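Below you'll find the structure, written out as structure tokens, and then a few comments.
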Amino acid sequence: MAEFVMRRSEDMLPEFEQMQRVGLFNENELKAIIKKTMSHEYKLVRRVKVKKDFLAYIQYKINVISLIKKRRKRLNYFFKKDEIEYAMVGKIHSLFKQCSFRWPDDLKLWLSHIEFCKQWNKKLQLSKIWTSMLQLHGNNNIHLWVMAAKWELEDNHSVDNARQIFLRGIRHHPENSKLWQEYFRMELIHVLTTRQRLSLLKEGEQADDEELKENFLKGEAACIVYKNAIVAIPNDSKCKCGFLEIALHFAFFAGDIINDIIDDLMDNHNNDPYTRSMLAKLHLHSSVLNPATDSSDQVTLKADSWAAEKKCWEDFDSALIEVNNSEMWKEYITFLYERINDSTNNDKGKFEITNHTLRSSSKQRSVSDERIQHFISVSERGHKSKMLDDDCYLLYANQLAFLGRELEAIKILHACVEEPDCAFAIKLRLLEMLVANEKISFEQNIDIKQFFRKLSKLISSMSQEEQDVFWTLWFDYAKKKNDEEFVLKAVEISETLKSSQSNRIKSLYIEWSVSRHGVENIMEIYEKKLCALCSPSLDLIKTVIKVLESSENQYVESITACYEDAVKNFGLEYPTVWLDYISHILKIDPVKVGKIHWRAMKTLKPDLVEEFVSGYTLIHAKT
């Protein structure tokens, strides 16, 4: 065991000698580096290999290289890199290979090795790593094929390698639309770069015959990819629309491909809502699809854009007649809502000064107002025909609230809530509007507290984000009404249902109580109210300690009592609790530290004692 460590250490002697010779490290620093290196080497030759030992050694080597870089910059010395840095980089590669060989299922490890190779521009090693990783993880992760091909195309500048990777990926996943679309995009990017390179060739220079072929420059290879894709994935309208979205970015040379995709969609998927939506939106790309009509006049461009948007409305209206279902309504309403948001975001931060800009601004406002009115009109039609889903109702209600029509929004959402399969997002949005508009809820005879209690029974079915919103609304309403009993009800319900937000709710109650009653009564609230309702959690105890420590007055006995509760309930598995307790006792009575240390050693699990001893040593080193 020792002989292997010594041999590896001797192999690294040349780089250590060079570090000292060029003045990057002095003798003492070098001894410390060698000692640390041998310590890591000894861990690697244990009979039972541990992954964290390899990762710690790799991280240490990377940190040394980073320090060398800073020292070189300070000394303004940039020679001998082959003997120092690149020798260490080779060692790191070796460690990564050993680690990947022993734990090949760890995808994060492979990706870390790839990132390291990118930093040092190791293209040969990268190609080999991508190949090995795809063999092991290619069947489970589609994105790895795309990442590998993207690197070959953009960093390694090898179109052939990228094409081979995509073909291998498609061979393993012939029905994956993502791979086909990215392959399609890669071929179009290759055509684009080739056209740009040809346009920069000087007069008299000759390009290869292959590059000058007209069919290639029009994206014939990409067209072949599309045709093969629709054979492998037949009757998938969303997949074809994805190809169309990609092709639109290369419209100035891929017009034939775009026309073929559009014809395919119109012939075979004319009754599909997503397809009709995509075809209607094509009017917004009219300036790209018809460059002859392009103009440099900004006023003309805006007028053309507005006319194109109205054509989109006409196509959507005709689609609603032919394909009258909830999905088609959703596509239409979502499109209108996105256009409203785009126009709002584009108008932010603009200050009009001249008369011309003022007239332009009023024109923009009229366009924006017409968009909003059209959105409201379409949403009302969908509501009357009962074709809107929950997402559409949310958009409809949000826009009504933005216009100051909260009463209409609440009525619409309240009608949705009465349905048995109503989504939680609708209920939470209605609850939010009721809390913000208590007068309207009173007029509509809606009991907000009862609504809160009704929704609390569905906590287990809510997502983490929805639970966060729900409890935040509960506390906002309780603060608004100054109702402590309602807050305690939230604590009780969350504890009974074992909600993941339980600790957060208790902490919010502590903070609210402090702002309401002051710090003086915090221990009484903690002991008599919270502990009576539920068992104290570690986060709750930490919150109480934080509040007491932040006070101007000294609550030493109360803080000590909290720490005693913490070690009593959590001292078995949390060394940090004991370390925080010791740090607190050191400030007030250092004599008692020994007793607490002995209690910790007896209480903690055996595998946690080492962590506690290390932390205890650091605390004493600081003092």
Side-chain angles (χ1 to χ4, degrees), residues 273-274 277 320 324-341 344 372 374-478 480 486 489-490 493-494 497 499-501 505:
Y274 190 82
S277 172
L320 285 178
N324 189 14
N325 57 30
S326 59
E327 293 183 10
M328 192 68 247
W329 282 95
K330 183 177 180 179
E331 292 290 341
Y332 193 4
I333 290 173
T334 304
F335 167 74
L336 294 174
Y337 193 78
E338 289 173 353
R339 296 299 296 173
I340 291 171
N341 286 340
T344 304
I372 292 172
H374 189 68
F375 171 82
I376 297 296
S377 174
V378 173
S379 299
E380 286 178 354
R381 284 162 48 197
H383 175 55
K384 290 177 181 178
S385 60
K386 297 183 179 180
M387 285 291 183
L388 302 186
D389 62 2
D390 292 334
D391 294 333
C392 292
Y393 275 117
L394 272 178
L395 299 180
Y396 185 21
N398 288 339
Q399 192 60 47
L400 287 173
F402 178 76
L403 296 174
R405 297 158 64 177
E406 289 86 357
L407 178 58
E408 296 178 46
I410 288 174
K411 285 183 178 180
I412 289 171
L413 292 179
H414 193 261
C416 294
V417 168
E418 298 299 324
E419 299 294 330
D421 56 346
C422 178
F424 288 119
I426 293 282
K427 297 174 182 177
L428 291 176
R429 180 61 178 137
L430 174 59
L431 188 60
E432 183 180 5
M433 296 185 71
L434 290 173
V435 171
N437 303 275
E438 194 173 354
K439 183 179 178 181
I440 295 178
S441 62
F442 180 76
E443 293 173 354
Q444 295 296 311
N445 197 23
I446 301 175
D447 189 347
I448 298 179
K449 285 188 178 182
Q450 186 63 29
F451 195 30
F452 269 114
R453 294 190 183 95
K454 184 178 178 181
L455 289 185
S456 66
K457 297 177 182 178
L458 306 173
I459 285 292
S460 58
S461 303
M462 292 185 187
S463 66
Q464 188 74 21
E465 185 178 356
E466 287 172 340
Q467 287 187 35
D468 189 23
V469 173
F470 175 73
W471 292 118
T472 302
L473 288 173
W474 189 304
F475 268 85
D476 289 344
Y477 182 71
K480 190 175 180 181
F486 195 53
K489 190 67 178 177
I493 291 173
S494 64
L497 298 174
S499 171
S500 58
Q501 296 283 325
I505 293 167

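Not measured: the values here are computed from a predicted model.
Sparse packing is recorded around CD of E465, with 12 or fewer heavy atoms of other residues, nucleotides or ligands lying under 6.0 Å away. No more than 12 heavy-atom neighbours from other residues, nucleotides or ligands sit within 6.0 angstrom of NZ on K454.
Residue pairs meeting the salt bridge (charged side-chain N to carboxylate O under 4.0 Å, His left out) criterion with at least one member in residues 412-435, sequence neighbours excluded: R429-E432. Annotation: salt bridge (charged side-chain N to carboxylate O under 4.0 Å, His left out) contacts involving residues 388-404, sequence neighbours excluded, comprise K330-D389, K330-D391.
Distance CE/M433 to CG/N398: 7.5 Å, rounded to 0.5 Å. Separation of atoms CD (E380) and CZ (F375) is listed at 10.5 Å; rounding is to 0.5 Å. Between the NE2 atom of H383 and the OH atom of Y393 there is a distance of 5.0 Å, given to the nearest 0.5 Å. In this structure, CH2 on W329 lies 8.0 Å from CE on M387, to the nearest 0.5 angstrom. Considering CD1 of I459 and CH2 of W471, their distance stands at 5.0 Å, rounded to 0.5 Å. Of the inter-residue distances, the one linking Q464 atom CD with E466 atom CD reads 10.5 Å to the nearest 0.5 angstrom.
When side chains are defined from C-beta on, Y477 counts as touching E438, because their heavy atoms get closer than 4.5 Å. Counting heavy atoms from C-beta on, the side chains of F470 and S456 come closer than 4.5 Å. The shortest side-chain heavy-atom distance between S441 and I410 does not fall under the 4.5 Å cut-off. Side-chain contact between M328 and N324 is absent, with no heavy-atom pair separated by less than 4.5 Å. Looking at V435 and F452, their side chains come closer than 4.5 Å, going by heavy atoms from C-beta outward.
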- [ ] Assess whether side-chain contact (heavy atoms from CB on, under 4.5 Å) is satisfied between F451 and L455, documenting all intermediate values.
- [x] CA-CA 6 Å; F451 195 30; L455 289 185; 4.2 Å; yes
Open item on the list: The test is side-chain contact (heavy atoms from CB on, under 4.5 Å); show your working for W474 and K489 and say whether it passes.
Closed with: CA-CA 10 Å; W474 189 304; K489 190 67 178 177; 4.2 Å; yes
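Listed by chain and residue number, nothing satisfies the salt bridge (charged side-chain N to carboxylate O under 4.0 Å, His left out) test with K411 (two or more places apart in sequence, or in another chain). Applying the ring-ring contact (aromatic ring centres under 6.0 Å, His included) rule to Y396 yields no partners; only residues at least two apart in sequence or on another chain are considered. Evaluation of the salt bridge (charged side-chain N to carboxylate O under 4.0 Å, His left out) rule for R453 yields no partner, not counting sequence neighbours. In this structure, the salt bridge (charged side-chain N to carboxylate O under 4.0 Å, His left out) partners of E408, at least two apart in sequence or on a different chain, are R405.
Closest approach of S379 to L388, counting heavy atoms only: O-CD1, 3.5 Å. V417 approaches L430 most closely through the heavy-atom pair CG2-CD2, 3.5 Å. Of all non-hydrogen atoms in A409 and A397, the two that sit nearest each other are CB-O, 3.7 Å. Across all their heavy atoms, P273 and E331 have their closest contact at O-CG, 4.1 Å.
Side-chain atoms of S377 never come within 3.5 Å of backbone atoms of H374 as a donor-acceptor pair (strictly under, hydrogens ignored). Put simply, the side chain of K449 never gets that close to the backbone of F486: no donor and acceptor are under 3.5 Å apart.
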